[in-house]
Amino acid sequence: MGTEKSKDKTEKNVLLRCEHVGKSFFENRVLNDINFELREGEILGLVGENGAGKSTLMKILFGMSVIAQTGGYEGSVFVGEKPVKFNSPFEALEEGIGMVHQEFSLIPGFTATENILLNREITHYNFLVEAFGERLSTLNMPEMIERGGKALNTLGVDISPKMLIAEMPIGHKQFTEIAREIDRQNTKVIILDEPTAVLTETEAEILLSSLRKLAQKGIGIIFISHRLQEILEVADRIIVLRDGILVKEVEASEADVVKIAEWMVGRKMDTSVFEDKLEDKNAEVLLEVKNLWVDMPGETVRNVSFEVYKGEVLGIGGLAGQGKIGIPNGIMGLFPAGGTVKFRNTDVPLNNPRKVLNLGMAFVSEDRRGVGLLLEETLDWNISFTAMQVKEWYVKKYLGGLIKWRDDAAIKQLTSEYIKTFDIKCQGGHQLAQELSGGNQQKICLAKAFALKPELLFVSEPTRGIDVGAKKLVLDTIRRSNREFGMTVVMTSSELEELRSVCDRIMIVDEGKVAGILPATAPSTEFGLLMLGTSETHRREREIQNGKVKTK
Amino acid sequence: MKTTGKRSFKNLLIAYAVPIMFIGLSIFTIPLSGFSPEYLVQEMVIRLARNSFLVLALLIPIIAGMGLNFGMVLGAMAGQIGLIFITDWNIVGIPGMALAMIISIPISIFLGWIAGNILNRAKGREMVTSYILGFFINGIYQFIVLYMMGKAIPIGNPALVLSRGYGIRNAINLEGIRQSLDNLISLNIGKVQIPVATFILISAFCFFIIWFRKTKLGQDMRAVGQDMEVAEAAGIPVNKTRIISMIISTVLAGFGQIIFLQNIGTLNTYNSHDQTGMYSIAALLIGGATVSHATIPNIFLGVVLFHLMFVTSPMAGKNLIGSAMLGEYFRLFISYGIIAISLVLYAWRRHKEKERARMNLRGNS
Amino acid sequence: MKRKRLIVQLILILALVGVSAVLFVIGKGHQLLIDNKRATIDGVRVEAYEWVNVYVNGAKKPIEIEEEDRQLAKIAGPWHHIRIEILEDGKVAKTLEKRFTVGLQNSFLLSLQKIVEGKEDWLTPR
Amino acid sequence: MKKLLLVLLISAMAVLAFSAAPFHIGIVTGTVSQSEDDLRGAERLIQEYGDVTNGGMIKHITYPDNFMSEMETTISQIVGLADDPLMKAIIVNQAIPGTTEGFRRVRQKRPDILLLAGEPHEDPLVIESAADLAINSDFVARGYLIIWSAKKMGAKTFVHISFPRHMSYETLSRRRTIMEAACNDLGLKFVFETAPDPTSDIGVAGAQQFILEKVPAWIEKYGKQTAFFCTNDAHTEPLLKQLLAYGGMFVEADLPSPLMGYPGALGIDLSAAAGDFPKILSAVEAEIVKKGGAARFGTWAFSYGYTTTAGLGELAIRVVKGEASLNKLPDLMSAYNKFTPGASWNGSFYTDANTGVRARNHILIYQDTYIFGQGFIGSASVEVPEKYLDIK
């Protein structure tokens with residue numbers, strides 16, 4: 001089949017072509033010299049890790065205003081033979097490029113039809129139009145329903161055009177979105193950003209087959225997915241992005257899952273990997289988590305069980321939105337959670353942050369500005385605040401504890417200590433937290449958690465948004481506190497290499513469940529496969545859960 | 001199956017918590033007040049006729065997602081200005097009312113346009129902004145009516161203008177148009193008089209709303225109301241749509257105030273509009289509507305329940321506690337307390353709904 | 001297309017203004033002061049009548065005017081008719097009906113004597 | 001729960017049960033916070049004739065404090081009284097806006113009910129169109145008589161304190177004009193001073209503070225032989241307090257009563273004597289004399305609001321019983337005098353300044369002014385010159 005496809009490839013018209021497209025957000029280069037073309041009836045698979053530049057590329061193609069606002073892009077884009085430069089999505093739609101977003105842009109209280117034909121409704125004329133303008137024409141509902149139904153039929157799914165979006169299963173919403181793009185008269189190219197991420201297996205199958213149908217009608221499709229199997233199944237050609245560079249462009253027939261995973265994560269990490277990995281399986285269990293669920297919007301944890309050994313650094317990895325961040329947030333009681341958590345063999349009450357802190361756990365949140373820091377307070381305050389509140393340290397007591405007074409001298413001493421240990425670049429403890437750079441703010445967050453002298457420290461995305469130098473310092477600090485002070489650490493990060501450099505073991509979370517736990521020394525492709533949900537065991541598990549056990 | 005039935009019943013209770021609470025209260029206050037059924041029915045009929053239109057004016061901003069339009073007092077003021085003019089010119093009866101409405105239209109459009117523009121700059125805080133806006137425009141209204149009228153704006157009727165030569169009197173007698181609409185077609189059922197013409201007008205307006213929802217503009221408003229960003233992305237001019245919804249609401253509030261005052265028969269120049277917004281909103285909430293969802297039945301149910309409480313509670317309070325004055329305080333407590341409670345219940349309900357929506361994402365525990 | 005719409009809108013606004021004007025005229029309220037006072041018409045003294053019932057615009061209840069009295073009727077719009085019953089010794093001695101139109105003034109004075117005497121200027125704006 | 005329901009039902013039945021009185025009189029007043037004297041007048045009637053709930057004659061309800069905005073409630077309160085088949089008369093004191101409409105509606109359903117309005121806020125011609133009888137304090141005669149009394153007390157200057165909103169009331173603004181004219185004729189200096197409106201954003205406290213601070217300066221400026229007058233009740237108390245401290249005179253308040261401003265200004269507690277005006281008067285008088293205010297401060301011996309509620313109630317009862325007729329001045333005076341032993345009243349029918357028509361159902365009344373430490377000044381028997389009646 002692959003050869004057949006490549007044969008007629010040259011005969012078909014080019015719908016979309018990128019030439020030397022590049023983009024940097026101020027100092028930060030995210031795309032560099034991207035060249036590819038999309039032909040009529042072709043499905044192009046686009047893969048890459050988080051932050052590889054996929055989204056930025058799609059934003060350029062769809063004319064999202066954020067691109068123009070941040071200084072436009074380099075290179076040129078052609079639709080057909082016509083060079084284009086979109087300033088808004090409307091211009092892109094005008095040229096026949098439609099996009100199905102990861103977040104649904106559907107109106108929940110509307111029916112499928114109403115959403116498909118949003119702002120393109122079919123209307124009846126009435127005389128009021130003459131006086132008050134087009135918008136007073138009435139809707140022609142029957143005709144709209146017919147047209148909405150037709151668009152849905154094209155996809156080959158059985159969705160009533162009168163069904164409310166709010167009542168639809170998530171997969172149907174996805175189809176409705178696609179149907180909206182199809183319904184446009186002039187759509188030539190559809191960009192789908194992770195359309196199957198939210199679908200069940202069966203729904204994904206239907207979607208893939210409807211994509212093929214669309215392609216047969218001559219529509220070009222750019223398909224972004226983390227599920228490599230799907231890409232292989234549906235795409236004609238695959239391009240792989242890594243760190244803003246197009247590293248590979250291959251015919252789907254020439255690729256397989258392992259190869260793609262290698263291309264995606266294949267770079268060498270330059271940060272020094274700590275070699276002394278802890279392999280002591282007999283270590284004492286410090287934290288035991290069973291059937292944990294966490295209701296954290298965007299990071300739902302469904303059913304997670306794992307153990308943390310005393311003295312180790314456990315990494316939690318996985319793609320964004322799969323639930324890895326939800327785990328520490330749930331255990332620390334910041335979001336509604338359920339299940340059993342045992343710390344030193346005592347039950348940890350969930351949904352009660354204070355109790356958890358008292359038990360000897362601490363948390364460095366990924367949300368530095370929201371939860372982590374008191375931005376308008378001094379560093380002194382920031383570092384000592386939680387310790388004062390929770391442990392009543394750095395507090396002088398009078399009259400048998402009736403009157404509590406802040407011990408400013410002790411606080412000063414503590415702060416200067418941490419400023420020194422963590423090498424925080426500041427003018428001293430009296431400075432306001434908001435005046436520090438991102439990396440140094442992160443260190444303050446760490447210092448704040450360390451000031452509690454916890455037995456177990458959760459660190460969530462410690463290097464998010466800070467530069468390379470600062471990254472290393474922060475990671476070093478975490479590592480050192482683990483090795484030198486014996487603090488057990490559970491670190492969550494989206495960057496696999498970062499986890500591999502610091503952690504002893506790494507747990508990969510996918511779709512709110514544990515995909516697997518591997519020693520940090522395992523090859524990165526294995527982690528990649530776990531993350532992408534393509535490992536054989538995991539796939540099987542998912543099928544079982546979907547009630548579709550393969551007997552053969 | 002049983003549990004789901006139970007749950008849906010519970011959901012129903014939650015959804016109608018406010019009206020149910022009110023019906024419960026009424027069961028106590030009606031016998032306590034000692035009013036005859038005939039009087040109560042007559043009072044409710046009158047109040048339905050005079051207040052429904054005002055409450056209806058709230059619907060369109062709710063559709064457009066702008067919450068409860070406390071800014072409807074702007075329309076009320078425009079309506080009152082229309083009434084001042086027709087009283088000055090001594091235009092009476094139905095033509096007088098119609099003319100007052102026509103005069104109010106451009107003023108309402110202008111005020112609605114201002115309100116819409118301001119609210120577009122305060123997205124997400126529409127209710128409190130429109131409330132404060134009402135006070136601000138009230139100041140301008142007082143300035144115009146108390147200082148401009150008679151001087152810069154010619155008002156000749158000595159019954160309207162203070163003897164000092166400018167400024168409108170505190171209370172204006174609307175004898176010329178008093179109950180002209182209510183008595184246009186009047187039907188007596190038993191001893192209860194029914195203002196048929198007013199009800200015809202109200203039902204015509206209900207049909208207008210139903211029709212309006214089916215227009216492209218109505219559809220756009222619904223879209224904007226549910227998700228501004230999606231609507232924007234689909235190319236619907238969000239801000240413009242919101243302004244139009246405010247304008248329509250303000251114009252209708254102006255009409256509503258004219259209908260209201262033709263029934264009352266007296267215009268308190270400086271105060272008649274004060275409570276319009278508050279009471280209409282209270283009635284709507286009590287009818288089971290929420291900040292984001294309101295239907296036509298909500299309106300009629302709400303007007304009846306709210307005013308039933310209003311009429312019976314002072315007397316019930318007096319008879320219960322034995323002091324006339326405490327009866328009045330009882331009424332205040334009931335009527336304002338209930339607005340607070342229904343807003344709190346709304347927030348609670350939304351929280352519950354959100355929780356329920358996410359329920360399936362949680363573990364089996 | 002745009003032009004057509006503009007014209008339609010203009011026509012609508014004009015129509016609204018027109019309707020307003022019509023409403024103004026037909027809704028304009030007036031005071032009708034009815035005099036039953038002795039008067040001198042063309043040098044002839046006409047005494048007031050003992051009792052007069054005036055029915056304005058088909059009202060069921062008359063306005064009763066005693067000798068040397070003036071009463072007020074509220075009327076609206078330009079077209080009216082009145083029926084006058086002049087009573088003598090408690091019995092209707094004479095009945096007259098008149099149709100008349102009024103202008104936009106606020107107040108009109110109607111002289112019963114002049115009507116009965118058949119004079120033209122029985123209705124004067126005041 | 002069930003028990004509570006039962007109790008409630010029984011009490012409701014008790015309300016509905018037939019009462020012994022042959023007919024009922026409905027009385028609508030403000031609350032204590034708005035107009036205490038009016039309410040005490042109603043309580044005085046209940047004391048004598050009994051509450052409807054207990055088989056008596058009087059049914060007393062209150063109108064909303066926020067009556068300007070809640071006209072709807074006022075109307076339905078008044079109309080609600082007419083729901084009682086035994087109701088024979090309704091008295092509203094003060095007849096706030098909405099009373100006229102309430103009366104119209106009562107008349108439509110129950111033409112047999114007598115409708116009496118005390119101190120109407122609506123325009124005279126408006127309330128006259130609906131009420132059987134309306135009573136105002138005589139703002140025309142008092143405009144002259146207050147100045148006359150001030151002169152008799154020895155004042156050289158007359159200071160009138162008010163603000164724009166009050167000056168938008170026809171009655172208040174016309175009285176001011178009459179006072180100015182009377183000052184010119186009687187040889188007093190007329191001064192108009194502005195003070196903040198207590199219903200504005202500054203509030204009652206701010207307005208009172210203003211008066212407290214300003215009065216010493218005014219006395220400094222105009223001398224101690226100056227009589228002060230203010231249109232607002234909230235201004236009265238601080239004004240009296242400062243006048244007692246710094247000198248100056250006070251003829252009577254806008255709505256005169258020994259309770260108006262004096263108890264607060266003198267710091268005396270009169271709650272034990274509630275409704276007993278001779279006792280109140282003598283208590284206030286003793287205190288004023290003690291503080292050196294004899295012959296410099298005056299009032300009406302009996303509260304106007306109190307007497308109007310009680311007097312109109314009494315009149316209504318007498319009319320229903322056929323003992324009096326509604327529009328006869330002597331009958332009205334006799335009903336009023338029942339509650340004001342020793343004080344004399346005077347009054348006249350209201351004449352519309354525009355048309356010169358004398359209304360048959362609108363009476364303006366006033367009481368003789370009582371000067372502390374001196375006695376009645378005799379203003380009730382003074383003839384008010386014709387010319388002041390026509391001043392607009």
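Residue numbers begin at 1 in each chain, while the letters A, B, ... track the order of the sequences. Any value given below was found using the heavy atoms of this structure, including those in side chains, with hydrogens, waters and symmetry copies removed.
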Item to complete: Evaluate side-chain contact (heavy atoms from CB on, under 4.5 Å) for A:Met141 paired with B:Lys214, printing each intermediate quantity in order.
Response: CA-CA 9 Å; A:Met141 236 348 145; B:Lys214 287 184 187 150; over 6 Å; no
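Neither the backbone nor the side chain of A:Leu292 comes within contact range of chain B; no heavy atom of the residue lies under 4.5 Å from a heavy atom of that chain. Of the two parts of A:Thr123, only the side chain, counted from C-beta on, holds a non-hydrogen atom closer than 4.5 Å to a non-hydrogen atom of chain B. Residue A:Asn115: no heavy atom, backbone or side chain, is found under 4.5 Å from chain B.
Within 6.0 Å of atom CD in A:Glu146, 12 or fewer heavy atoms from other residues, nucleotides or ligands are found, so the atom counts as exposed in its surroundings. Remark: B:Tyr16 OH is loosely packed, at most 12 non-hydrogen atoms of other residues, nucleotides or ligands lying under 6.0 Å away. Heavy-atom contacts from other residues, nucleotides or ligands closer than 6.0 Å to CZ of B:Phe300 number more than 12. Enclosure of atom CD in A:Glu94 is not indicated, since only 12 or fewer non-hydrogen atoms of other residues, nucleotides or ligands lie within 6.0 angstrom. Atom CZ of B:Phe208 has more than 12 heavy atoms from other residues, nucleotides or ligands within 6.0 Å. Shown here is A:Lys162, whose NZ atom has no more than 12 heavy atoms of other residues, nucleotides or ligands within 6.0 Å.
When all heavy atoms are compared, the tightest approach of A:Phe90 to B:Glu232 is CZ-O, 3.3 Å. Here the shortest heavy-atom pairing between A:Asn119 and B:Ala234 reads ND2-O, 2.8 Å.
Using a 4.5 Å cut-off on side-chain heavy atoms (C-beta onward), B:Lys216 and A:Thr138 make no contact. Residues B:Trp211 and A:Asn126 are in side-chain contact: their nearest non-hydrogen atoms beyond the backbone lie under 4.5 Å apart. Taking the side chain as every heavy atom from C-beta outward, A:Arg135 and B:Pro237 approach each other to under 4.5 Å. Considering only heavy atoms from C-beta on, A:Leu118 stays 4.5 Å or farther from B:Gln219 through its side chain. Under the 4.5 Å side-chain criterion, counting only non-hydrogen atoms from C-beta, B:Gln226 is in contact with A:Pro108. Put simply, the side chain of B:Thr215 does not reach to within 4.5 Å of the side chain of A:Leu139, judged on heavy atoms.
The CG atom of B:Asp227 sits 12.0 Å away from the CD1 atom of A:Ile165 when rounded to the nearest 0.5 Å.
The choice from A:Arg180, A:Glu121, A:His124 that makes the most heavy-atom pairs within less than 4.5 Å of chain B is A:Glu121.
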